[in-house]
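What follows is a short report on a single structure.
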Protein chains: 2
Amino acid sequence: MSEKELRAKAARLDEADELAASRKLFALEDPEHPEGVVYLDGNSLGALPHAVPGRLAEVVGREWGELRIRSWTESGWWEAPERVGDRIAPLVGAAPGQIVVGDSTSVNVFKAVVGAVRLAPEGRDEVLVDAVTFPTDGYIAESAARMTGCAVRAVRPDEMAAEVGPRTAAVLVNHVDYRTGELHDLPGVTAAAHAAGALVVADLCHSAGALPVGLDEHRVDLAVGCTYKYLNGGPGSPAYLYIARRHQERFDSPLPGWHGHREPFAMTPEFVPAEGVLRGRVGTPDLLSMLALEAALTVWDGVDIAAVRAKSLALTDFFLQALDTCLPPGRVRLITPTEHERRGSQIALECPDAEQVMERLIARGIVGDFRRPGVLRFGFTPLYTSFTDVERAARVLGEVAEATG
Amino acid sequence: MSEKELRAKAARLDEADELAASRKLFALEDPEHPEGVVYLDGNSLGALPHAVPGRLAEVVGREWGELRIRSWTESGWWEAPERVGDRIAPLVGAAPGQIVVGDSTSVNVFKAVVGAVRLAPEGRDEVLVDAVTFPTDGYIAESAARMTGCAVRAVRPDEMAAEVGPRTAAVLVNHVDYRTGELHDLPGVTAAAHAAGALVVADLCHSAGALPVGLDEHRVDLAVGCTYKYLNGGPGSPAYLYIARRHQERFDSPLPGWHGHREPFAMTPEFVPAEGVLRGRVGTPDLLSMLALEAALTVWDGVDIAAVRAKSLALTDFFLQALDTCLPPGRVRLITPTEHERRGSQIALECPDAEQVMERLIARGIVGDFRRPGVLRFGFTPLYTSFTDVERAARVLGEVAEATG
């Protein structure tokens with residue numbers, strides 16, 4: 001396909017895009033690039049939804065500044081973790097009442113892995129961890145294992161179903177690999193873990209908001225995820241914890257803070273866990289970040305996650321096609337699987353001078369990111385990425401690759 | 001002293017108040033009370049500093065909205081936890097490089113207690129916990145003990161020096177009691193713990209920003225605190241962790257997230273802790289809350305914490321004197337110690353109908369809070385509370401007590 005044909009195809013695809021209207025909900029301007037940036041780093045930090053600044057100004061000026069302490073009841077601050085959790089729930093295929101928002105992903109991985117070990121049958125002493133995980137999951141799993149008398153064993157996700165065994169208490173797996181963008185077989189790993197009597201903890205950081213997760217449908221036991229990538233919650237917006245309803249009554253948190261108490265204001269010396277998922281709460285949540293996230297989630301009103309997935313695949317398919325046209329042969333190596341069922345919403349390319357290539361791309365308004373040792377990552381956020389963006393990114397990447405190769 | 005004399009004394013004290021100018025740094029208006037509110041709940045949620053809204057709008061609009069991912073380096077996001085920690089340090093008597101901000105108080109109690117047990121001499125299996133603690137500390141200490149093979153023993157702070165013994169690994173003590181406002185003898189407890197070979201973890205939630213703490217001077221080992229009370233950081237603003245420099249190299253966090261790694265972007269499978277206090281970081285911090293806190297801390301520029309303490313004692317002394325004049329005898333019972341060296345920045349009164357009394361006070365613009373079963377709490381924030389406020393609070397409390405007694 002020629003470059004001209006690519007451009008025409010991009011225009012046709014944008015014309016037919018049923019999610020195109022969502023783009024205007026986001027701030028995508030950049031004063032240094034009046035021609036616009038192509039922001040393909042939403043898999044690291046999502047763009048700002050226009051709904052956020054006004055709402056945050058109200059939270060600060062009215063709720064904190066004027067109502068002060070009264071806002072804990074009158075502005076609904078106390079219930080925010082479960083209320084915002086219920087807004088995330090449909091995006092990850094969870095019925096209400098199973099998600100609380102708060103703390104970082106790392107802290108939630110700790111709660112979930114320790115919780116899973118305590119829910120597992122007696123006498124199991126192994127935690128299987130995704131060998132290609134985003135590192136923090138592995139670090140925290142190691143600590144959770146150490147503190148519960150378990151050992152960690154690192155296994156590739158595609159080998160987990162075969163490796164889970166009678167000693168395995170819990171399996172911690174990433175739904176999508178942060179580096180390659182590979183989509184793992186979460187239903188398959190979950191089914192195999194259950195057949196072996198183990199529980200699954202899924203990390204949804206790189207899938208939630210980009211594709212259907214189906215937590216309830218696939219009977220995932222526990223899950224965690226951040227909210228600042230495809231959910232656009234803002235820098236360091238709080239993470240979430242999913243506890244399947246069937247496990248809630250026995251979920252035993254290693255971080256039993258007062259916000260997870262059945263009667264927080266009884267101030268009793270004994271911890272009595274709250275009913276349901278509320279026992280996953282810990283201390284006072286960062287409300288400015290939490291309520292900014294709540295406003296950010298309004299971009300999902302009326303959006304069907306199946307349509308998001310369809311556009312995500314169309315975007316990455318089109319990027320791969322455009323790369324075929326624009327890139328000198330052999331200049332980069334694709335490390336993202338080409339099969340749809342194994343691809344998240346990101347394309348990763350390897351080349352020895354990746355860091356330098358990414359610097360030049362960013363200087364020309366194409367924003368992806370670089371991961372050591374030589375990976376270029378491009379994340380595609382269906383709510384605000386157009387096919388014209390994709391065509392431009394591929395074309396500029398081709399020019400940069402040509403100039404530096 | 002007559003009510004008229006009280007009013008005159010309040011005016012004189014305000015006239016001589018060297019911190020009076022700080023009051024204009026805060027939003028203290030309330031549309032429902034055009035005559036003004038007397039906000040004596042800064043020991044629960046501090047008032048909004050005027051510096052916050054503009055700065056937060058810039059963080060959202062410019063740093064997130066326009067720079068997006070570049071802000072991690074260009075806007076100083078990555079270093080915020082230690083940079084904001086160094087702003088808190090002088091307020092609690094710590095040299096730079098010993099405090100990181102992030103996570104909730106509860107999560108930091110977990111890091112600190114587990115960390116202290118791991119720093120203690122081998123074979124110790126007891127954690128002494130303040131028997132009158134704010135409950136979350138006790139809940140979290142119980143979990144920390146359970147996960148490190150220790151048992152918790154609850155002891156009153158005034159008995160800790162006598163009770164700490166050869167089995168004690170760590171002592172967790174509140175600097176100021178959240179309910180009674182009693183100031184505990186942190187230097188004495190610390191010295192006794194050290195004599196017995198144990199470490200001290202101090203909870204500074206109710207002292208930081210109200211009185212000098214002297215962490216370094218008294219050789220406290222670890223400390224935690226929230227930032228939304230006397231530090232005015234906003235609802236749920238992140239807490240902090242102090243690790244005395246002499247312990248940093250051996251501090252072994254139970255939450256070794258990637259932000260506490262020596263080379264976070266090396267993405268290595270093994271956790272290698274960062275140098276110094278940075279190893280107390282965990283995951284991505286809530287930056288909107290963190291940077292709002294940073295702006296809020298500008299109210300401390302040029303403020304001497306000794307002057308804050310002097311005004312705090314003058315405020316609470318004057319409140320007690322005014323209560324003598326305004327309250328019907330025997331109507332309430334004072335549960336805050338009257339000696340300066342045992343008093344924080346709060347006055348707590350007990351009466352059977354405390355909940356009803358506080359409702360009526362709030363309706364009349366005097367905002368304190370109620371704690372079960374029958375405690376009225378009044379917190380005095382020296383930066384924005386005037387002696388005229390105190391006189392009005394005592395007078396209205398007298399009227400309410402008279403009307404409902």
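Computation of the quantities below employed the complete heavy-atom set of this structure, encompassing side-chain atoms and omitting hydrogens, waters and symmetry-equivalent molecules. By convention in this document, chain letters (A, B, ...) are assigned in the order of the sequence lines, proteins followed by strands, and residues within each chain are numbered from 1.
The number of heavy-atom neighbours closer than 6.0 Å to CZ of R262(A), taken from other residues, nucleotides and ligands shown, is above 12.
Each of A27(A), P264(A), A131(A), G102(A) has some count of heavy-atom pairs under 4.5 Å with chain B, and the biggest count is that of A27(A). Most heavy-atom pairs under 4.5 Å with chain B, from the set R68(A), E270(A), M147(A), H259(A): that is R68(A). No other option in I362(B), V59(B), D252(B) has as many heavy-atom pairs under 4.5 Å with chain A as D252(B). Most heavy-atom pairs under 4.5 Å with chain B: of the set A144(A), G138(A), P285(A), P49(A), this distinction falls to P285(A). Heavy-atom pairs under 4.5 Å with chain A peak, among R146(B), R70(B), H33(B), E66(B), at R146(B). Contact count versus chain A (heavy atoms, under 4.5 Å) is highest, among S106(B), P373(B), G149(B), G236(B), for G236(B). Between chain B and the options S253(A), G233(A), C226(A), G42(A), heavy-atom pairs under 4.5 Å are most frequent for G233(A). In terms of heavy-atom pairs under 4.5 Å with chain B, the best-connected choice from G260(A), P53(A), S237(A), A47(A) is A47(A).
Residue contact with chain B, scored on non-hydrogen atoms closer than 4.5 Å, is absent for A239(A). For chain B, the nearby parts of V60(A) are the backbone and the side chain; heavy atoms of each come within less than 4.5 Å. Heavy atoms of F26(A) lying under 4.5 Å from chain B are absent altogether. Proximity to chain B is limited to the side chain of V114(A), based on heavy atoms less than 4.5 angstrom apart. Contact annotation for D41(A): only side-chain heavy atoms (C-beta onward) come within less than 4.5 Å of a heavy atom of chain B. Only the side chain of E32(A) has a heavy atom closer than 4.5 Å to any heavy atom of chain B. Both the backbone and the side chain of P254(A) come within less than 4.5 Å of a heavy atom in chain B. Heavy atoms of T105(A) lying under 4.5 Å from chain B are absent altogether. The contact between V37(A) and chain B is made entirely by side chain atoms (from C-beta outward), counting heavy-atom distances below 4.5 Å. With a 4.5 Å cut-off on non-hydrogen atoms, D137(A) does not touch chain B at all. Contact annotation for N108(A): neither backbone nor side-chain heavy atoms come within less than 4.5 Å of a heavy atom of chain B. Contacts of T268(A) with chain B are made by both backbone and side-chain atoms, with heavy-atom separations under 4.5 Å.
Between atom CZ of residue F265(B) and atom CZ of residue R371(A) there is a gap of 5.5 Å, rounded to the nearest 0.5 Å.
Relative orientation of the H261(A) and Y139(B) rings is parallel, given thresholds of 30° and 60° on the angle between their planes.
Heavy atoms only, all atoms of each residue included: R62(A) and P31(B) are closest at NH1-CG, 3.9 Å. For D103(A) against S104(B), the heavy-atom pair with the smallest separation is OD1-OG, 4.4 Å. The minimum heavy-atom distance linking G257(A) with I140(B) is given by the pair N-CD1, 3.8 Å. Closest approach of A292(A) and L288(B) over heavy atoms only: CB-CD1, 3.6 Å. Nearest heavy-atom pair across S143(B) and L255(A) is OG-N, 4.5 Å. For W64(B) against P235(A), the heavy-atom pair with the smallest separation is CD2-CD, 3.7 Å.
Looking only at side-chain heavy atoms (C-beta outward), I69(B) and V367(A) come within less than 4.5 Å of each other. Counting heavy atoms from C-beta outward, E142(B) and P269(A) have side chains that stay 4.5 Å or more apart. Side-chain contact between P238(A) and D286(B) is present, with at least one heavy-atom pair separated by less than 4.5 Å. Residues W77(A) and L45(B) meet the side-chain proximity criterion, which asks for heavy atoms closer than 4.5 Å.
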